[in-house]
Amino acid sequence: MKVLSVTSEAFPLVKTGGLADVAGALPAAFAAEGIEIRTLLPGYPSVMAALGGGEIVWEFPNLFGGGASRLVAGNARGLDVIAIDAPHLFDRPGNPYGPGDGFADNAFRFAALARVAASIGRGMLPGFVPDIVHAHDWQAGLTPAYLHYDGGARPGTVMTVHNLAFQGQFDVGLLPYLGFPAEALTIHGIEYYGSIGYLKAGLRFADRITTVSPTYATEICSSEAGMGLDGLLRARGSALSGILNGIDTDVWDPARDPALAAPFDADHMTPRAANKRALQARLGLSQDPDAPLFGAISRFSWQKGIDMVLEAIPAILNAGGQLAILGSGDEALERRAREALAALPGRVGGTIGYDEPIAHLMQAGVDALVVPSRFEPCGLTQLCALRYGAVPVVARVGGLVDTVIDASPMAVAARAATGVQFSPSLEMLEAAIARTVALFRDKATWTMLRRNGMATDVSWREPARRYAALYREIIAERT
Ligand code: ADP
């Protein structure tokens with residue numbers, strides 16, 4: 001089976017969020033499923049540099065303006081990539097979407113991604129004719145729509161939503177320039193509340209829709225979490241499912257992680273204490289092995305509920321705990337976090353910024369990782385926490401529900417619990433902190449939570465199997 005993955009990000013080539021982790025990790029996991037996958041990416045500077053020379057497999061006299069453009073195929077840091085080498089669209093430094101509200105021509109940049117994907121889907125490259133075209137997020141959302149309006153034979157299509165908050169809406173006046181017929185501009189086409197909706201288009205025309213956890217798949221069909229798309233998602237309910245993300249268990253392996261002070265695994269947990277000591281030293285926290293050390297690793301945005309963590313600092317400190325913070329984003333939140341760091345040295349420590357080695361050391365050193373998201377499609381940090389023996393303390397939303405088993409009396413008695421869940425509010429977070437500290441003081445139960453967490457399969461094996469099964473279902477249906 002041949003699959004074309006269409007994405008605007010793929011780790012380690014270009015990353016702004018979890019989408020990159022997923023698009024970067026799935027190809028390796030698919031090898032065990034007998035799937036040949038290529039990843040279509042915009043030719044950003046980092047992608048073209050990683051490709052080196054590559055092979056020119058197609059030339060366009062122009063692509064949404066500009067001069068000649070090419071498709072360049074090759075291996076880029078382990079990924080089988082087809083890059084759209086269109087300098088007028090993608091040869092720009094910095095964030096792939098541009099500063100502030102994004103580049104003014106993002107409608108064309110990502111229409112180009114989808115247009116090329118649809119053409120490859122129709123057999124433009126004889127050496128690689130996909131059975132399935134898998135589009136990720138709004139940037140690839142027009143792909144199923146182009147395939148639909150082109151008419152004729154087409155491959156099966158999957159649209160995956162990594163975060164419904166990002167939808168890609170653009171002016172209806174662009175319609176003719178994007179190459180869609182006038183009749184596409186209806187509620188049954190790509191029109192979306194008076195705009196052209198890129199994600200909406202994908203959701204409307206893909207054979208299957210997936211999102212990154214079963215609970216988020218249910219939540220987004222409600223008006224509270226559907227962000228305007230719940231009606232369409234309900235209408236397409238039989239095509240919608242949730243497949244959890246995994247994490248790269250080679251990159252996240254506490255037995256072989258160069259960022260750690262001491263390696264450990266589920267059978268050799270003692271060295272974990274050395275990582276707590278190293279983290280406390282690194283962040284200027286007092287060297288107290290008995291203080292429950294809470295951590296938060298996150299983008300600073302309303303979604304992630306970091307404001308609630310900052311508000312809950314007194315509750316953590318009153319319980320004898322410490323807090324380690326790593327993150328960046330919203331300026332007001334960064335300022336508040338810096339104030340807390342300055343005001344409470346020894347008890348609150350951290351780094352405001354993006355730092356992968358510290359993220360790894362934090363997962364290995366904190367006792368509990370707090371994830372207080374207001375909504376969370378899947379979440380990756382709690383999966384890393386499980387693997388590193390940090391007990392996840394998570395809001396009861398989205399993928400956090402599906403990946404953490406709350407330490408309720410029944411789950412503890414059944415020896416199944418892996419963490420703590422709470423309803424996303426400050427009061428409930430404070431109650432969860434108190435509950436976590438009580439569990440921390442009960443050494444036998446705490447050890448069980450950690451062991452269960454570390455025994456949880458957070459790899460891509462099962463998700464890859466599920467995507468493969470979905471692809472096969474679509475192919476069987478269409479033949
Ligand atoms: P998002 O909504 O931001 O994609 P996820 O939990 O799905 O949230 O994925 C975030 C990823 O980015 C995780 O791998 C997490 O460890 C990492 N991350 C987030 N903030 C930072 C940071 N400041 N430094 C290092 N890694 C970070």
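Atoms within a ligand are numbered from 1 in the order they appear, just like the ligands themselves. Along the sequence shown, the residues carry numbers beginning at 1.
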- Message: Just to be sure I read this right, does ligand 1 sit under 4.0 Å from the backbone of Pro377, its side chain, both, or neither, counting only heavy atoms?
- Response: neither
- Task: Starting from atom 27 (C) of ligand 1, find the nearest protein heavy-atom neighbour and note its residue, name and distance.
- Result: Tyr354 CE1, 3.4 Å
- Any protein heavy atom under 4.0 Å from atom 22 (C) of ligand 1? yes
- Of Glu356, Gln382, Arg299, the residue with the heavy atom nearest atom 2 (O) of ligand 1 is Arg299
- Starting from atom 24 (N) of ligand 1, which protein heavy atom do you reach first, and at what distance in Å? Asp355 N, 3.0 Å
- Task: Please determine if Asp248 and Arg387 form a salt bridge, counting it only when a charged side-chain N lies under 4.0 Å from a carboxylate O.
- Result: no
- Message: So does Ala464 get a backbone contact from the side chain of Glu33, meaning a donor-acceptor N/O pair under 3.5 Å?
- Response: no
- Message: Side chain or backbone, does Asn163 bring an N or O within less than 3.5 Å of an N or O on ligand 1?
- Response: no
- Do we get Arg92 above Phe103's six-membered ring, with its NZ or CZ under 6.0 Å from the centre and within 45° of the axis? yes
- Message: Looking at Arg299 and Asp330, is there a salt bridge between them, counting it only when a charged N and a carboxylate O are closer than 4.0 Å?
- Response: no
- Message: With nothing but distance in play, are any N or O atoms of Leu380 less than 3.5 Å from an N or O of ligand 1?
- Response: yes
- Query: If you draw a 6.0 Å radius around CG in Asp101, do more than 12 non-hydrogen atoms from other residues or ligands fall strictly inside?
  - Reply: no
- May I ask you to identify the nearest protein heavy atom to atom 12 (O) of ligand 1, giving residue, atom name and distance to one decimal place in Å? Lys15 NZ, 3.9 Å
- Message: Is the contact between His162 and ligand 1 made by the side chain, the backbone, both, or neither, using heavy atoms and a 4.0 Å cut-off?
- Response: neither
- Item | Other residues, nucleotides, ligands: >12 heavy atoms within 6.0 Å of Arg282 CZ | no
- Item | Residue Gly17 vicinity, atoms of ligand 1 by number, heavy atom under 4.0 Å | 4 (O)
- Message: I'd like to know whether the aromatic ring centres of Phe294 and Phe440 sit less than 6.0 Å apart in this structure.
- Response: no
- Item | Heteroatom proximity flag, Trp252 to ligand 1, N/O under 3.5 Å | no
- Query: ligand 1 and Ile297, any nitrogen or oxygen pair closer than 3.5 angstrom?
  - Reply: no
- Item | Taking atom 20 (N) of ligand 1 as the reference point, the nearest protein heavy atom with its distance | Ser298 C, 3.7 Å
- Query: Quick one: are the ring centres of Trp138 and Phe170 less than 6.0 Å apart?
  - Reply: yes
- Measure the distance from atom 8 (O) of ligand 1 to every protein heavy atom, then report the residue, atom name and distance (to 0.1 Å) of the closest one. Lys304 NZ, 3.0 Å
- Query: What atoms in ligand 1 come closer than 4.0 Å to a heavy atom of Gly18?
  - Reply: 4 (O)
- For atom 14 (O) of ligand 1, closest protein heavy-atom neighbour: Asp21 OD2, 4.0 Å
- Can you find an N or O of Cys384 that's nearer than 3.5 Å to an N or O of ligand 1? no
Show me the side-chain donor-acceptor pairs of residues 224-232 shorter than 3.5 Å, one per line, residues at least two apart or across chains.
residue: Glu224; atom: OE1; partner: Ser222; partner atom: OG; Å: 3.4
residue: Asp230; atom: OD2; partner: Arg234; partner atom: NH1; Å: 3.1

- Applying side chain to side chain donor-acceptor pair (under 3.5 Å) to Gln169 and not counting sequence neighbours gives none
- Item | ligand 1 atoms in contact with Gly353 (distance to a heavy atom under 4.0 Å) | 22 (C), 23 (N)
- Query: Under 6.0 Å from the CE atom of Met428, do we count more than 12 heavy atoms belonging to anything else shown?
  - Reply: no
- Item | Closest protein heavy atom (residue, atom, distance) for atom 15 (C) of ligand 1 | Thr381 CG2, 3.5 Å
- Run the salt-bridge test on Arg336 and Glu334 with the 4.0 Å N-O cut-off and return the result as yes or no. no
- Query: Non-hydrogen atoms of Gly327 versus ligand 1: any pair closer than 4.0 Å?
  - Reply: yes
